[in-house]
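Read through the structure below, which is laid out as structure tokens, and then see the notes.
Just so we're on the same page: letters track the sequence lines, and every chain starts at 1. Predicted model only: the values in this text are computed from it and were never measured. The figures here come from the full heavy-atom set of this structure, side chains too, leaving out hydrogens, waters and symmetry mates.
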Protein chains: 2
Amino acid sequence: MATAGLLGLPPRGIMGEMSTESAADRPAGYARGRRTRDDLVAAAAAVYGDVGFDGASLREIAKRAGVTHAGLLYHFPSKEALLAAVLERRDKIDAERPDLHLPNGLGPLGRLVALAAHNERHRGIVELYVRLAAEATSEMHPAHIYFTDHYRQAREFAEEGFRALAAQGRLRPRVDPQVAAIGLIALMDGLQAQWLTEPEAVDLTTALRHYIEQTLTETNHASGPAKKT
Amino acid sequence: MATAGLLGLPPRGIMGEMSTESAADRPAGYARGRRTRDDLVAAAAAVYGDVGFDGASLREIAKRAGVTHAGLLYHFPSKEALLAAVLERRDKIDAERPDLHLPNGLGPLGRLVALAAHNERHRGIVELYVRLAAEATSEMHPAHIYFTDHYRQAREFAEEGFRALAAQGRLRPRVDPQVAAIGLIALMDGLQAQWLTEPEAVDLTTALRHYIEQTLTETNHASGPAKKT
DNA sequence: CCTACCGATCGGTAGG
DNA sequence: CCTACCGATCGGTAGG
């Protein structure tokens with residue numbers, strides 16, 4: 001789930017109909033208000049991680065950012081507008097992240113392993129995505145479009161990765177890149193849920209690496225500088 | 001996630017400290033009250049699937065079962081007691097299910113594929129588990145113990161399955177049964193979340209079968225009567 | 001950005 | 001099993 005913006009694609013639309021109009025996107029030359037808004041978005045992300053979007057109260061988010069809940073609604077006209085801002089920020093952060101480039105013999109898919117390693121050190125991000133993804137399962141949920149989009153992008157990225165390996169003749173002949181891609185994304189998500197529930201019992205990268213290596217031909221298992229983390 | 005009771009183990013404890021004492025477990029010779037309680041548990045499972053446990057209101061659950069919310073609290077003394085009853089019922093149903101036995105060349109792990117195929121025809125079950133598992137991530141959540149237990153059992157079952165294959169010499173030499181088991185359970189969970197979000201884009205069994213087959217030696221891929229579903 | 005308020009809904013209890 | 005109620009909390013608005 002915490003694979004948003006993975007491709008560095010331009011954050012397109014993000015929330016479907018949802019609009020962040022109003023005070024929220026003023027000239028932004030007013031440093032103070034900008035700061036408050038950033039604090040609100042950060043606080044919201046944290047609270048969503050703790051109790052989900054549905055369970056989050058504007059009063060709790062506002063309190064953590066040091067304003068009243070009516071003050072929050074001055075900056076973001078509705079609960080949904082704040083959610084949109086949180087998701088936009090996540091995509092922006094992910095897209096701008098320069099790390100995740102350590103070559104590791106797994107081709108583009110190495111980025112996914114590196115992302116998992118990064119997430120392991122940022123529990124809050126994982127909590128945010130695991131909770132939101134479960135809520136957004138419903139077609140009526142305000143983040144539903146965001147997640148269908150997110151899954152599609154993640155799948156396409158993984159599929160490209162497997163195709164690249166196939167082009168190099170490194171993929172086992174029976175491996176279907178599309179099926180392998182769906183599985184890889186699902187594996188990442190499932191590992192995150194299990195890891196949050198019981199961090200000692202599971203780690204995020206081992207099973208992932210194992211999965212990718214199973215799809216490679218025997219001679220390609222050396223997997224380069226694997227333990228670079 | 002919807003792998004509860006997979007092993008047919010005696011439902012042990014279930015909810016940690018949580019107790020279902022009180023009126024809820026009377027002699028049970030009173031058919032009418034028994035019926036009402038069953039209706040309440042079924043309604044609760046449905047509402048949890050829609051909006052999660054945290055988001056579910058006793059009034060909505062009671063209405064679906066045809067009683068008032070105070071009537072519900074007569075049968076189940078608290079919101080948590082009702083949750084315990086829902087989880088107990090799920091384990092009982094799973095343990096008693098006689099299907100899931102079609103041999104398919106995958107050994108014990110074939111049961112997991114059969115379970116996924118079954119879940120594909122019972123969206124409500126999957127919704128219930130995906131939502132609860134995300135909420136139960138927090139150590140404070142009343143279902144947390146249930147899920148740590150559930151994950152542990154599921155992992156052990158899968159690990160046994162991989163060991164059985166290894167004993168038959170059917171496992172590829174590089175495959176670690178424990179790592180493969182963690183991955184298989186995670187894969188099931190992640191597929192379920194993706195499938196709920198976008199049912200047309202993903203199916204529950206293909207990626208699962210693919211994963212298991214990747215761990216087998218070349219000569220074992222025929223996978224027996226695969227499309228028996 | 002705040003104070004003050006609105007109607008709605010929540011889990012749970014009293015008392016039959 | 002119900003009616004009737006409790007205190008708490010919710011998202012959002014009015015009006016500055």
**OP:** Taking salt bridge (charged side-chain N to carboxylate O under 4.0 Å, His left out) as the test, write out the residues that go with E127(A), two or more places apart.
**Re:**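 E127(A) satisfies salt bridge (charged side-chain N to carboxylate O under 4.0 Å, His left out) with R123(A) only.
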**OP:** With sequence neighbours excluded, tell me which residues meet salt bridge (charged side-chain N to carboxylate O under 4.0 Å, His left out) with D39(A).
**Re:** R35(A)
Subject >> Test side chain to side chain donor-acceptor pair (under 3.5 Å) applied to R163(B) - qualifying residues, sequence neighbours left out >> reply: E159(B)
Subject >> Contacts of E160(A) that satisfy side chain to side chain donor-acceptor pair (under 3.5 Å) - sequence neighbours left out >> reply: none
May I have the list of side-chain donor-acceptor pairs in residues 60-72 of chain A shorter than 3.5 Å, sequence neighbours left out?
{"residue": "E60(A)", "atom": "OE2", "partner": "R64(A)", "partner atom": "NE", "Å": "2.9"}
{"residue": "E60(A)", "atom": "OE2", "partner": "R64(A)", "partner atom": "NH2", "Å": "3.4"}
{"residue": "R64(A)", "atom": "NH2", "partner": "D50(A)", "partner atom": "OD2", "Å": "3.3"}
{"residue": "T68(A)", "atom": "OG1", "partner": "G71(A)", "partner atom": "N", "Å": "3.1"}

Original post:
D38(B) and T36(B): side-chain donor and acceptor closer than 3.5 Å?
Top reply: no
**OP:** Go through DNA chain D and write down every stem, that is, every run of at least three consecutive Watson-Crick or G-U wobble pairs with distances under 3.5 Å, as range with range.
**Re:**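 Looking at DNA chain D, the stems formed by three or more consecutive pairs are C:1-16 with D:1-16.
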Subject >> Selection: residues 50-61 of chain B, any non-hydrogen atom under 4.0 Å of DNA chain C >> reply: A56(B), S57(B), L58(B), R59(B)
**OP:** Please name all residues satisfying ring-ring contact (aromatic ring centres under 6.0 Å, His included) with H141(B), sequence neighbours left out, ordered by chain then number.
**Re:** F53(B)
Original post:
Considering residues at least two apart in sequence or located in another chain, which fulfil the side chain to side chain contact (heavy atoms under 4.5 Å, CB included) criterion with V51(B)?
Top reply: V47(B), A56(B)
Subject >> Partner set under side chain to side chain contact (heavy atoms under 4.5 Å, CB included) for H122(A), not counting sequence neighbours >> reply: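 Here the qualifying residues are H118(A), I125(A).
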Original post:
Can you pull the salt bridge (Lys or Arg N to Asp or Glu O under 4.0 Å) pairs that have at least one residue in residues 193-202 of chain B, sequence neighbours excluded?
Top reply: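 Matches after skipping sequence neighbours: R152(A)-E198(B), R155(A)-E198(B).
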Subject >> Terminal contacting nucleotides, 5' and 3', DNA chain D versus chain A (heavy atom, 4.0 Å) >> reply: dC10(D) to dT13(D)
